[in-house]
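Okay, so here's the structure we're looking at.
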Number of protein chains: 2
Amino acid sequence: METGQRLRRAAVSLFARHGYAAVSMRQIAAETGVQVGALYNHTTDKQSLLFDLLSDHMDDLMAALDQVVLPADPVLALEAFTRFHLRYHAERPDAVFIAYMELRNLTPENFMQVESQRRAYEARLEEILRRGKAGGVMHVADVKLACLAIIALLTGVTTWFRPAGRLSQAEVEDIYWDMTRRLVDA
Amino acid sequence: METGQRLRRAAVSLFARHGYAAVSMRQIAAETGVQVGALYNHTTDKQSLLFDLLSDHMDDLMAALDQVVLPADPVLALEAFTRFHLRYHAERPDAVFIAYMELRNLTPENFMQVESQRRAYEARLEEILRRGKAGGVMHVADVKLACLAIIALLTGVTTWFRPAGRLSQAEVEDIYWDMTRRLVDA
DNA sequence: GTCTATATCCGGATAGAC
DNA sequence: GTCTATCCGGATATAGAC
């Protein structure tokens with residue numbers, strides 16, 4: 001595997017475990033399998049490394065969502081979104097973790113960029129809820145709050161889910177879809 | 001105000017904004033209004049400072065919950081818990097934030113201690129859900145997952161709630177109680 | 001592209017005067 | 001209790017040989 005890719009994987013893994021500020025370029029180099037100096041052939045500095053990881057993660061997430069065919073029916077669309085979100089996040093726990101834990105370690109400019117990417121993703125969910133509310137098939141007191149609540153609910157799964165745990169990915173998905181559906185009374 | 005208290009407030013504020021690892025003892029000293037050396041009259045080292053903040057926060061949270069009279073009726077108890085959790089967390093956004101963001105910066109021993117305190121708190125919610133399910137007044141597919149879901153849902157509020165925002169504390173509380181209630185179909 | 005070596009700075013923590 | 005001064009290790013990033 002090329003060094004650039006190994007570097008990124010090492011950084012994601014270490015940032016997720018110990019946090020951006022607590023991880024040194026020396027540790028990343030060791031995990032990558034090169035000496036420190038060599039890292040700078042693949043990233044301009046540590047901040048750019050973090051930004052690229054987060055920004056690319058959001059791009060990938062958005063691109064993956066675009067591959068999902070969201071049904072016209074709002075309730076079916078919400079189910080598709082829920083299952084997509086859970087599955088995508090379960091497959092990339094480290095990337096997801098740093099994507100919302102390390103936002104504050106971005107420079108203000110980089111933060112604004114990633115934030116706008118995150119808002120674009122949440123807008124997809126908001127749109128589904130808005131249609132569900134308008135069509136009278138969901139009870140949503142406040143679309144924005146319901147959107148934030150559902151995102152928090154679903155993303156929280158990544159903090160404890162382990163494939164070898166008590167419940168399988170499919171079981172967790174079913175139970176969370178059930179809770180999400182009830183939350184909007186669909 | 002005594003230095004020890006100023007130190008703790010400075011640390012909470014700085015850790016919440018920039019993260020434990022990214023904050024230096026020199027910054028904390030500046031915010032406290034003393035020189036670096038003086039800090040060590042009030043804490044043995046940086047790790048102890050973090051641990052004390054987190055552990056005391058969990059103690060305070062638990063003590064505050066103990067002051068709340070939880071009704072015998074599970075649905076009313078869930079409402080009381082929900083409103084308590086939202087209110088307590090809204091009043092201490094910084095302390096709450098670091099209490100779940102900085103867990104990984106604790107030494108393993110300190111982590112285990114704080115984790116057990118957190119589990120004791122969540123056990124209170126689990127008990128309510130278990131009673132509601134047993135009594136047939138709540139639909140809960142999996143008590144453990146519902147507990148984690150509700151905690152994630154409610155705690156997520158602290159990431160965006162601002163007293164000067166679109167909705168008042170009371171409005172947010174009502175809307176979130178409505179969503180929580182629906183989530184367990186009560 | 002990667003290595004070794006290094007410049008430069010900042011980190012936590014301590015010592016000892018006041 | 002707080003101050004100034006300092007130890008010493010480790011941080012990011014760069015330079016130049018290969």
Side-chain angles (χ1 to χ4, degrees), chain A residues 1-56 98 101-111 114, chain B residues 1-56 94 98 101-111 113-114:
Chain A
M1 197 193 306
E2 58 174 331
T3 304
Q5 194 179 344
R6 290 207 318 278
L7 159 59
R8 296 161 69 86
R9 294 200 183 183
V12 167
S13 169
L14 288 168
F15 289 166
R17 252 179 299 161
H18 309 293
Y20 171 78
V23 172
S24 70
M25 294 299 272
R26 283 174 171 81
Q27 287 174 270
I28 297 173
E31 183 93 359
T32 306
V34 294
Q35 295 301 316
V36 196
L39 294 183
Y40 292 87
N41 290 318
H42 304 275
T43 184
T44 62
D45 55 22
K46 198 184 172 190
Q47 169 67 209
S48 299
L49 177 56
L50 178 64
F51 172 67
D52 288 343
L53 291 177
L54 265 55
S55 184
D56 289 355
I98 67 173
M101 292 285 275
E102 302 299 351
L103 287 170
R104 61 182 166 178
N105 285 308
L106 292 171
T107 60
E109 302 76 31
N110 288 344
F111 174 78
V114 176
Chain B
M1 198 195 305
E2 58 173 333
T3 304
Q5 195 179 344
R6 289 209 317 279
L7 159 59
R8 296 161 69 85
R9 293 200 184 183
V12 167
S13 169
L14 288 168
F15 289 166
R17 252 180 298 161
H18 309 292
Y20 171 78
V23 171
S24 69
M25 292 300 272
R26 283 170 171 81
Q27 286 175 271
I28 297 173
E31 182 94 359
T32 306
V34 293
Q35 295 301 315
V36 197
L39 294 183
Y40 291 88
N41 291 318
H42 304 275
T43 184
T44 63
D45 56 21
K46 198 185 173 190
Q47 169 69 208
S48 298
L49 177 56
L50 178 65
F51 172 66
D52 289 343
L53 290 177
L54 266 54
S55 184
D56 289 355
D94 286 351
I98 67 173
M101 293 285 274
E102 302 299 350
L103 287 171
R104 62 182 166 179
N105 285 309
L106 292 171
T107 61
E109 301 76 31
N110 289 343
F111 174 79
Q113 154 90 36
V114 175

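Note on naming: letters A, B, ... go to the chains in the order of the sequence lines (proteins, then strands), and numbering restarts at 1 for each one.
- Asp56(A) meets the salt bridge (Lys or Arg N to Asp or Glu O under 4.0 Å) test with Arg8(A); sequence neighbours excluded.
- Every residue meeting the side chain to side chain contact (heavy atoms under 4.5 Å, CB included) condition with Glu31(B), not counting sequence neighbours, appears here in chain and number order: Ala10(B), Ser13(B), Leu14(B), Arg17(B).
- Where DNA chain D meets chain A (any atom under 4.0 Å from a heavy atom), the bounding nucleotides read 5' to 3' are dA11(D) to dT14(D).
- The nearest pair of heavy atoms linking Ala21(B) to Ala21(A) is CB-CB, 3.7 Å.
- For Arg104(B), the salt bridge (Lys or Arg N to Asp or Glu O under 4.0 Å) partners at least two apart in sequence or on another chain are Glu102(A).
- Nearest heavy-atom pair, Phe51(A) versus Leu106(A), reported as atom, atom and distance to 0.1 Å: CA-CD2, 3.8 Å.
- Taking CG of Leu53(A) as the start and CD1 of Ile98(A) as the end, the distance is 5.0 Å to the nearest 0.5 Å.
- In this structure, the side chain of Thr32(A) engages the main chain of Ile28(A) through a donor-acceptor pair within 3.5 Å.
- Contacts between residues 37-48 of chain B and DNA chain C, counted as heavy-atom distances below 4.0 Å, involve Gly37(B), Tyr40(B), Asp45(B), Lys46(B).
- Each ring pair (Phe, Tyr, Trp, His ring centres under 6.0 Å) pair with one or both residues in residues 12-44 of chain A, not counting sequence neighbours, appears once here: Phe15(A)-Tyr20(A).
- Scanning for side chain to side chain contact (heavy atoms under 4.5 Å, CB included) contacts around Arg26(B) gives Ser24(B), Val36(B), with sequence neighbours left out.
- Between the side chain of Gln47(A) and the backbone N or O of Asn105(A) there is at least one donor-acceptor pair closer than 3.5 Å.
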Leu49(A) vs Leu7(A), side-chain contact (heavy atoms from CB on, under 4.5 Å): CA-CA, chis, key distance, verdict:
CA-CA 9 Å; Leu49(A) 177 56; Leu7(A) 159 59; 4.2 Å; yes

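- Within residues 5-12 of chain A, no residue has any heavy atom closer than 4.0 Å to DNA chain C.
- In this structure, the side chain to side chain donor-acceptor pair (under 3.5 Å) partners of Asp45(A), at least two apart in sequence or on a different chain, are Ser48(A).
- Contact check of residues 20-29 of chain B against DNA chain C (heavy atom, cut-off under 4.0 Å) returns Val23(B), Ser24(B), Met25(B), Arg26(B).
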